Amino acid sequence: MRAINEADTLFGTIGVAKHAASSKNGSLNLTVDSSQSARSGSTSWSKVVMELYPPGTQIRTFTCGYCSIEQPPRAKHCHDCDKCVLQFDHHCVWLGTCIGQRNHCRFWWYLCEETALGLWTVILYCSYLKTSIARAWWRDVIMILLLITLIIALIFLLLLLLFHSYLILTNQTTYELVRRRRIPYLRSVPERVYPFSQGICRNLYNFCCARTSITDLERLPTALEIEEKSRPYTCCDFLTCRCC
């Protein structure tokens, strides 16, 4: 539970003055170093954010009105945590923290473990009712009511797990999916086109195996890249593993 409470915030990232602007696979990796002055750090951060947007783009309103911080793509201010979160997914009231870039993978495993625990508990309940159905009837009634409640919760957990699995495979977040038409840099992207997706296999690798000690800032795709992603799949594309 404690490990999940580590959403990657822009305060920890923008407090940096030094950045390793190594463009790798269309993204920028930042390391933290607070040795420089705040002014040079602010200038460096502004330069990094500008490079994340395609040249000539008209989208330049990425300054947070609450933190006065220039937000890179896929970042959002969380009013509950009062911080800007990288790759903001949602604020989980059950965990009391935001789900973002650094803890989304742990959140998925948390859902997986909760689903497995709920399924195992349902099996135990059914085994108990099967062996003691002829005993005190009022106990069986309580057990059946608890079993129904548990099954409803298990269905909810399973649907939530499947939903986040879909988000992982397409490299999306809940916020981007639900508020797609309210996010400036996603308004021009056609429906059923995932601008940040790099293929199923690479999405899974980046989600599960990427190092959490480095902040990964994803750049916005260009118009040509969006057009390429929106192109319908052909038999040749499946043979060449374009979807992967």
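Predicted model only: the values in this text are computed from it and were never measured. Residue numbers count from 1 along this sequence.
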N103 side chain vs C98 backbone, donor-acceptor pair below 3.5 Å: yes

Cationic N near anionic O, under 4.0 Å, K47 to E70: no

side-chain contact (heavy atoms from CB on, under 4.5 Å) partner of R74, chosen from F88, Y185, Y175: Y185

Within 6.0 angstrom of R192 CZ, more than 12 heavy atoms from elsewhere: no

side-chain hydrogen bond (donor to acceptor under 3.5 Å, both in side chains) assessment of T170 paired with N203: CA-CA 7 Å; T170 56; N203 290 340; over 6 Å; no

Between H91 and H79, ring centroids under 6.0 Å: no

Candidate pair E176 and Q87, rule side-chain hydrogen bond (donor to acceptor under 3.5 Å, both in side chains), full reasoning: CA-CA 9 Å; E176 292 173 344; Q87 291 187 19; over 6 Å; no

Sidechain-backbone polar pair: E113 side chain, Y110 backbone, donor-acceptor under 3.5 Å: no

Side-chain (S230) to main-chain (E227) donor-acceptor, under 3.5 angstrom: yes

Heavy-atom neighbours of Y66 OH exceed 12 at 6.0 Å: no

Single-linkage hydrophobic cluster Y194~L169, side-chain heavy atoms < 4.5 angstrom: no

Check: N171 side chain, F196 main-chain N or O, donor-acceptor pair, under 3.5 Å: yes

